[in-house]
Amino acid sequence: MIVIEWYVLRTVCGKEDAALTMLRKLFPEVELIYPKRRISWRKQGAVIGLVRPLFDGYLFISCPREKIRGFDQLLRIRKLNIAWLVYSGEALVPILNEEKELIQRLMGSDGIVEVSTVVKHDEQLQILNGPLVGLEHIVKKVSHRNRRITVEVSMLDEKRKIELEGILI
């Protein structure tokens with residue numbers, strides 16, 4: 001049985017789309033994952049909807065452990081300075097299954113983290129709908145004014161705070 005794992009692929013912040021396009025052309029046999037989040041901003045009284053990276057400067061590569069070394073070697077041979085695999089110590093280590101499942105759950109089928117609806121009762125949070133349903137334990141902060149929910153996600157033993165769109169009722 002072949003186990004498919006996710007490896008972290010770092011890239012320059014803001015250049016994720018360019019890196020993804022180039023890597024897909026050079027390595028069509030490899031599955032690249034680019035999680036995004038839907039977020040809106042107020043600008044001069046109008047609300048502008050945007051799609052931003054879920055993790056700035058991060059892509060993921062999904063492949064069996066046996067093939068990751070070959071991909072890494074090809075990446076190094078081509079001397080691309082747009083993306084590089086993240087090592088832990090001297091080894092290429094995949095993210096944990098729990099981390100992978102959480103990211104997949106947040107992204108849904110279209111790869112974009114959608115808006116969640118939140119209700120607050122006496123300092124208790126309840127998420128009514130959206131990708132954060134059942135994940136109240138990762139919510140660290142809710143801002144009604146900015147329509148933001150700050151969640152804490154761990155990846156490769158590091159805690160990362162991410163702002164997601166949320167409507168507080």
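Values reported hereafter were calculated over all heavy atoms of this structure, with side chains retained and with hydrogens, waters and symmetry mates removed.
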What do the steps show when you test Ile167 against Val115 for side-chain contact (heavy atoms from CB on, under 4.5 Å), and what is the final call?
CA-CA 7 Å; Ile167 300 169; Val115 180; 3.9 Å; yes
Determine, step by step, whether Lys36 and Tyr34 satisfy the side-chain contact (heavy atoms from CB on, under 4.5 Å) criterion, reporting the C-alpha distance in whole Å, the side-chain angles of both residues, the deciding distance to 0.1 Å, and the verdict.
CA-CA 6 Å; Lys36 298 178 184 178; Tyr34 180 25; 3.2 Å; yes
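Crowding of Gln124 atom CD: a count of heavy atoms from other residues, nucleotides or ligands under 6.0 Å not exceeding 12. Shown here is Asp157, whose CG atom has no more than 12 heavy atoms of other residues, nucleotides or ligands within 6.0 Å.
Residues Ile112 and Glu114 have side chains in contact (heavy-atom distance under 4.5 Å, counting atoms from C-beta outward). For the pair Leu50/Trp41, a side-chain contact is recorded, criterion being any heavy-atom separation below 4.5 Å from C-beta on. Side-chain contact between Leu75 and Leu9 is present, with heavy atoms from C-beta onward closer than 4.5 Å. When side chains are defined from C-beta on, Leu128 does not count as touching Val118, because their heavy atoms never get closer than 4.5 Å. Contact annotation: the side chain of Val151 never approaches that of Lys140 to less than 4.5 Å [non-hydrogen atoms, C-beta and beyond]. Side-chain contact check for Ile33 versus Ile103: every heavy-atom pair is 4.5 Å or farther apart. Counting only heavy atoms from C-beta outward, the side chains of Glu5 and Ile68 never approach each other to under 4.5 Å.
With Arg37 contributing its side chain and Pro53 its backbone, the two residues share a donor-acceptor pair below 3.5 Å. A donor-acceptor pair is defined here as one N or O able to donate and one able to accept, closer than 3.5 Å; such a pair exists between the side chain of Glu136 and the backbone of Ile127. Looking at Glu16, its side chain does come within 3.5 Å of a backbone N or O of Gly14 through a donor-acceptor pair.
Arg148 and Glu165 are joined by a salt bridge, as a carboxylate oxygen and a charged side-chain nitrogen come within less than 4.0 angstrom of each other.
Heavy atoms only, all atoms of each residue included: Cys63 and Ile4 are closest at N-CG2, 3.9 Å. Nearest heavy atoms, Val12 versus Trp84: N-CH2, 4.4 Å. Across all their heavy atoms, Leu156 and Pro94 have their closest contact at CD2-O, 4.1 Å. Closest of all the heavy-atom pairs between Ser116 and Leu132 is OG-N, 3.4 Å. The heavy-atom pair separating Ile39 from Leu164 by the smallest distance is CD1-C, 4.5 Å. Closest approach of Val113 and Pro131 over heavy atoms only: CG1-CG, 3.7 Å.
Met22 and Ile61 end up in the same hydrophobic cluster when Ile, Leu, Val, Met, Phe, Trp and Tyr side chains are linked at under 4.5 Å. Hydrophobic clustering of Ile, Leu, Val, Met, Phe, Trp and Tyr side chains at less than 4.5 Å, counting indirect connections, keeps Ile162 apart from Leu96. There is no path of hydrophobic side-chain contacts, each under 4.5 Å, that joins Leu20 to Val51. Val93 and Phe71 end up in different hydrophobic clusters when Ile, Leu, Val, Met, Phe, Trp and Tyr side chains are linked at under 4.5 Å. Transitive grouping of hydrophobic side chains (ILVMFWY, heavy atoms separated by less than 4.5 Å) brings Leu85 and Leu32 into a common cluster.
If you take CG on Leu54 and CG on Leu59, they are separated by 11.5 Å, rounding to the nearest 0.5 Å. Between the CG atom in Asn146 and the CD atom in Glu163 there is a gap of 7.5 Å [rounded to 0.5 Å]. Atoms CG and OG1, on Leu23 and Thr11 in that order, are 7.5 Å from each other to the nearest 0.5 Å. The structure places CD1 of Ile48 at 9.5 Å from OG of Ser40, a figure rounded to the nearest 0.5 Å. Here the CG atom belonging to Leu168 is positioned 10.0 Å from the OG1 atom belonging to Thr117, to the nearest 0.5 angstrom. His121 NE2 to Ile169 CD1: the interatomic distance, rounded to the nearest 0.5 Å, is 9.5 Å.
Cation-pi geometry between Arg65 and Trp6 is not met at under 6.0 angstrom from the ring centre and within 45 degrees of the axis.
Residues Phe60 and Tyr7 place their aromatic rings such that the two centres sit no closer than 6.0 Å.
Residue Ser154 is tested with Glu99, Glu98, Lys159 for a side-chain hydrogen bond (donor to acceptor under 3.5 Å, both in side chains); the sole match is Glu99.
Side-chain contact annotation: Tyr58 with Arg160, donor-acceptor N/O pair under 3.5 Å present.
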